[in-house]
Engineer: 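Take this structure, written in structure tokens, and hold onto it; I'll ask about it next.
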Amino acid sequence: MRKLHWASWAALGAAVLVAVVAIVFVVLRSSTGASPHQNMGSPMTLAAHSDGLSDFENGFRFEPVTLPTTRGDAVQVAFRILGPSGKPETQFQLNATKQLHFFVVRDDMQGYQHLHPELDGDTWKGAVAIADGGAYRMFAEFIPMNTTDTTHPVVLGLPFAIAGDTATVEIPAPAAEADAGSGYRIVRPEGPATVAVRQPTVLRFSLRGPDGKPLDTVDPHLGAYGHMTGFHTSLLSATHLHPREPLGAPLINGELTFQALFGERGEYRLFLEFSRDGQVHRGAFTVFVS
């Protein structure tokens with residue numbers, strides 16, 4: 001057998017070391033979800049993200065102009081979205097029929113609001129209802145004009161605080177049903193089932209009327225039959241959930257389904273909105289992801 005020259009052994013050792021480092025790097029990215037565009041091996045074109053944890057993402061920045069500081073039914077809020085050029089961005093792709101979605105939630109998942117501020121010059125303006133003090137977070141969600149990844153909007157988050165006494169509320173345990181107001185209810189057929197982290201998942205929800213029967217029709221709401229937003233209750237990050245039923249498709253047992261891909265383990269609070277007879281109803285579910 002021929003003996004390898006020391007240089008050959010050195011080259012072989014270096015190649016092995018590079019291979020090992022590459023394997024470890026891939027494994028770590030897969031296990032921690034550090035790669036936001038990893039292939040999940042599924043026909044779903046989603047990727048696991050923890051969004052809204054920062055006021056800066058992909059060159060876009062959340063610039064506050066007027067933050068809520070007091071309680072009230074219509075507390076003013078104003079902000080700009082600065083683009084990669086450093087200048088305010090005033091035009092985005094339509095996302096669920098809107099250029100920009102704006103969310104507010106307190107750290108105990110109370111006070112959730114889903115709004116659509118109006119553009120005034122280069123500033124987005126709106127009003128939020130602040131019923132109680134505490135630590136809150138606001139989110140701006142939009143799809144940049146030059147992106148091709150329309151399934152993953154940019155989400156920027158910014159905290160704010162309201163001084164004074166705060167009546168904190170314990171986050172409800174996972175349940176099979178949720179109140180949606182005016183006698184309407186939402187039922188999760190799987191009950192309080194746990195969801196797997198970083199695995200494409202279909203979440204099912206059955207809409208029930210005041211008579212307890214599944215709804216056969218609902219009104220279009222933001223270009224779909226329903227809209228859902230999720231928040232990690234510890235991280236206060238936002239999660240995208242995409243409706244699967246196209247408008248015009250029949251509702252079987254009043255059921256809506258959403259594609260989901262949760263990027264972090266833990267407890268999530270999901271807010272489902274739908275419209276019936278011109279009124280928007282909302283129900284909230286707690287889901288464990290492990």
Side-chain angles (χ1 to χ4, degrees), residues 29 33-40 42-67 77-105 112-126 128 136-160 198 200 220-224 226-232 235-244 246-247 258-264 271 273:
R29 287 175 67 94
S35 173
H37 301 290
Q38 59 187 333
N39 181 7
M40 300 303 298
S42 166
M44 291 186 183
T45 57
L46 305 178
H49 296 269
S50 292
D51 295 320
L53 292 175
S54 172
D55 62 355
F56 181 84
E57 180 184 334
N58 291 344
F60 292 90
R61 183 176 294 280
F62 199 146
E63 181 185 66
V65 176
T66 303
L67 292 180
V77 60
F79 57 92
R80 298 186 187 94
I81 303 297
L82 305 184
S85 66
K87 298 179 180 180
E89 295 280 341
T90 59
Q91 188 174 9
F92 304 110
Q93 296 188 46
L94 288 182
N95 171 24
T97 74
K98 302 294 182 180
Q99 284 200 73
L100 185 140
H101 295 263
F102 182 75
F103 306 97
V104 173
V105 67
Y112 169 80
Q113 293 167 80
H114 175 192
L115 308 169
H116 305 103
E118 297 291 334
L119 188 62
D120 182 4
D122 62 2
T123 303
W124 300 88
K125 296 182 177 181
V128 298
Y136 290 79
R137 193 167 188 84
M138 60 174 64
F139 302 83
E141 175 186 296
F142 55 90
I143 300 177
M145 292 297 295
N146 62 352
T147 186
T148 58
D149 184 12
T150 58
T151 63
H152 177 231
V154 171
V155 182
L156 307 178
L158 193 68
F160 67 95
R198 290 188 292 276
H221 178 57
L222 298 174
H227 182 279
M228 178 171 279
T229 307
F231 300 93
H232 193 289
L235 300 175
L236 289 188
S237 60
T239 296
H240 307 288
L241 296 100
H242 300 262
R244 300 174 73 233
L247 288 176
F258 290 83
Q259 296 178 347
L261 190 59
F262 297 98
E264 305 291 340
F271 295 89
E273 303 170 10

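Sequential numbering from 1 along the given sequence is applied to the chain's residues.
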Engineer: Show the nearest heavy-atom pair for residues Pro64 and Phe79, with the distance to one decimal.
Structural biologist: CA-CB, 4.3 Å
Engineer: To the closest 0.5 Å, what do you measure between CG (Leu261) and NE2 (His240)?
Structural biologist: 11.0 Å
Engineer: For Glu273, enumerate each residue passing the salt bridge (charged side-chain N to carboxylate O under 4.0 Å, His left out) test, keeping only those at least two apart in sequence or located in another chain.
Structural biologist: Arg282
Engineer: Quick one: CD on Glu63 to CH2 on Trp124, what's the gap to the nearest 0.5 Å?
Structural biologist: 14.5 Å
Engineer: Is it true that Phe60 and Phe142 have ring centroids separated by less than 6.0 Å?
Structural biologist: yes
Engineer: Taking atom CD1 of Ile81 and atom OG1 of Thr123, what is their separation to the nearest 0.5 Å?
Structural biologist: 10.5 Å
Engineer: Out of curiosity, Asn95 CG to Thr151 OG1, how far, rounded to the nearest 0.5 Å?
Structural biologist: 10.5 Å
Engineer: Over all heavy atoms of both residues, which pair between His116 and Leu100 is shortest? Give the atoms and the distance, please.
Structural biologist: CD2-O, 3.5 Å
Engineer: Mind checking whether His101 and Phe103 have parallel, tilted or perpendicular rings, split at 30° and 60°?
Structural biologist: parallel
Engineer: What heavy-atom pair brings Thr97 and Leu222 nearest, and what distance separates the two atoms?
Structural biologist: CG2-C, 3.5 Å
Engineer: Indicate the atoms forming the closest heavy-atom contact of Leu67 with Leu158, along with that distance.
Structural biologist: CD2-CD2, 4.0 Å
Engineer: Would you give the length of the straight line joining atom CD of Glu118 to atom CD of Gln99, rounded to the nearest 0.5 angstrom?
Structural biologist: 10.0 Å
Engineer: What pair of heavy atoms forms the shortest contact from Gln93 to Pro144, and how long is it?
Structural biologist: NE2-O, 2.9 Å
Engineer: How far does CG of Asp51 sit from CD of Glu141, to the nearest 0.5 angstrom?
Structural biologist: 8.5 Å
Engineer: So, for Arg198 and Gly263, which heavy atoms are closest and what is the spacing to 0.1 Å?
Structural biologist: NH1-O, 3.2 Å
Engineer: Please walk me through it: do Val105 and Phe139 pass side-chain contact (heavy atoms from CB on, under 4.5 Å)?
Structural biologist: CA-CA 9 Å; Val105 67; Phe139 302 83; 4.0 Å; yes
